[in-house]
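First the proteins, then the strands, lettered A, B, ... as listed; each starts at 1.
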There are 2 protein chains.
Amino acid sequence: MKEEKVQELLKVKLREKGLKVTQQRLLVLQALAANSGSHMAAEDIYELIREDYPDIGLATVYRTLQLLLEMQLVDRINLDDGCVRYEIGHLFEGDTKHNHHHLICRTCGKVLPFEDDLLEELERHIEEDTGFHVLDHELKFYGQCKECLSKSK
Amino acid sequence: MKEEKVQELLKVKLREKGLKVTQQRLLVLQALAANSGSHMAAEDIYELIREDYPDIGLATVYRTLQLLLEMQLVDRINLDDGCVRYEIGHLFEGDTKHNHHHLICRTCGKVLPFEDDLLEELERHIEEDTGFHVLDHELKFYGQCKECLSKSK
DNA sequence: TTCATTGCAAATTATTTGCATTTGA
DNA sequence: TCAAATGCAAATAATTTGCAATGAA
């Protein structure tokens with residue numbers, strides 16, 4: 001749906017910085033845009049792209065993710081499973097800027113999203129109390145999902 | 001001050017599980033208790049202990065941290081600098097259970113603690129809305145600390 | 001004594017880097 | 001044309017694991 005938009009934005013941002021628009025960069029962003037629910041590791045993205053474009057290198061995927069991160073087109077999360085994961089940037093997620101957090105089930109490993117805006121208030125507190133200027137945050141909850149809870153009874 | 005208490009608790013917990021009380025296990029916990037402000041990587045703990053006990057192996061430090069984590073005697077945080085860090089468990093931090101979060105300065109890398117209880121409410125919301133049972137959380141804020149902010153003006 | 005624990009070295013795994021080749025502007 | 005970007009292979013770095021030796025109960 002808005003995949004062309006995402007790609008257009010990347011093109012604009014690349015040109016702004018004097019960088020080149022390459023197939024690989026478009027493909028990495030596209031892979032993330034097309035899988036906005038999942039949290040993909042660099043390797044996952046690499047395998048996915050290879051299906052249509054077998055010549056891409058893993059190092060390019062890593063370099064591209066780094067670049068997209070700096071451009072704030074993707075978000076990075078660490079689910080403590082030994083590799084860093086990426087998702088399409090929250091800028092694309094809707095009209096209103098919602099913060100989305102992750103609920104990580106310690107039993108089955110599933111990761112659920114949770115939308116909430118309560119953190120905005122906390123960020124104001126922090127700025128007032130400490131003078132620290134908050135730009136971004138990462139919030140994870142660990143526990144047991146509904147299904148695992150009911151199974152364990 | 002309460003270092004003996006921490007060690008006693010470890011001894012009790014080890015015996016409960018039928019595990020052995022070793023110098024190495026006591027030393028790892030002690031190193032963390034004695035440095036409750038800092039966030040130490042396994043390597044840091046290893047180097048620290050080696051000053052007094054040069055024969056300890058890095059693998060033992062890793063194995064011990066794993067064990068202490070399972071026993072909930074230490075907390076683990078990931079500051080996105082390529083290695084996992086540990087601090088003495090929040091159980092020891094005071095009488096009232098406060099949640100403590102981390103403010104990470106993107107300019108100088110400094111990590112500041114921030115105490116807050118707002119998350120309790122959010123955890124209740126989550127349980128109501130999704131049925132997910134929250135056991136623990138990790139909250140990080142990224143931005144610029146007071147000092148770096150004033151320097152960049 | 002005896003099995004858990006340790007230290008060491010080798011293995012593993014995610015990520016980064018050097019460099020010759022390719023490619024977009 | 002030509003610097004930027006790529007693919008590959010080698011390098012790096014944190015963590016884990018196999019195993020023989022050691023030590024706590």
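- Contact check, B/Q24 against C/dG7: a side-chain N or O comes under 4.0 Å of OP1 or OP2.
- A donor-acceptor pair is defined here as one N or O able to donate and one able to accept, closer than 3.5 Å; no such pair exists between the side chain of A/S38 and the backbone of A/M40.
- Where A/G57 and B/A42 each meet DNA chain D at their nearest nucleotide, the meeting point lying more 5' is that of A/G57.
- Of the charged side-chain nitrogens involved, at least one lies within less than 4.0 Å of a carboxylate oxygen, so that A/E8 and A/K11 count as a salt-bridged pair.
- In this structure, the nucleotide among D/dT6, D/dT15, C/dG7 sitting nearest to the side chain of A/T60 is D/dT6.
- Expressed to the nearest 0.5 Å, how far CD of A/Q30 lies from CG of A/N35 amounts to 10.0 Å.
- Whole-Å rounding puts the A/L58 CG to C/dT17 P distance at 14 Å.
- Checking the phosphate oxygens (OP1, OP2) of D/dT15, a side-chain nitrogen or oxygen of B/Y62 falls inside 4.0 Å.
- A/T22 has no side-chain polar atom (N or O) that falls below the 4.0 Å cut-off from OP1 or OP2 of C/dG24.
- Listed candidates were D/dT15, D/dA4, C/dT5. Nearest to the side chain of B/V84 is D/dT15.
- As a whole-Å value, the separation of B/D80 CG from C/dA14 C1' is 15 Å.
- If you take CG of A/L65 and C1' of C/dA14, they are 13 Å apart, rounded to a whole angstrom.
- Counting to the nearest Å, the P atom of C/dC8 and the CZ atom of B/R50 are 9 Å from each other.
- Among the atoms of the strands shown, only primed sugar atoms or phosphate atoms (P, OP1, OP2) are found under 4.0 Å from some heavy atom of A/G82.
- In this structure, of D/dA14, D/dA5, D/dA25, it is D/dA5 that holds the atom nearest to the side chain of A/R25.
- When each of C/dT16, D/dG7, C/dC8 is scored by its nearest atom to the side-chain atoms of A/Y53, the top-ranked nucleotide is D/dG7.
- Nucleotide C/dG7 holds its C1' atom 15 Å from the CG atom of B/L27, rounded to whole Å.
- Proximity of the aromatic rings of A/H101 and B/H137 is defined here by a centroid distance below 6.0 angstrom, and this criterion is not met.
- Atom P of nucleotide C/dT22 and atom CG of A/D55 are separated by 12 Å, given to the nearest angstrom.
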request  = Could you go through the side-chain contact (heavy atoms from CB on, under 4.5 Å) check for A/Y142 and B/E138 one step at a time?
outcome  = CA-CA 8 Å; A/Y142 301 94; B/E138 180 181 332; 3.6 Å; yes

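- Between the CG atom of B/L26 and the P atom of D/dG23 there is a distance of 16 Å, given to the nearest Å.
- For A/Y46 and B/A59, each mapped to the nucleotide of DNA chain D holding its nearest heavy atom, the one lying further toward the 5' end belongs to A/Y46.
- Rounded to an integer number of Å, the gap from CD1 of B/I56 to P of C/dG7 is 6 Å.
- Comparing D/dA5, D/dA25, C/dG7 against the side chain of B/V21 picks out D/dA25 as the nearest.
- Residue side chain B/R63 reaches the base of C/dG7 through a donor-acceptor N/O pair under 3.5 Å, judged by distance alone.
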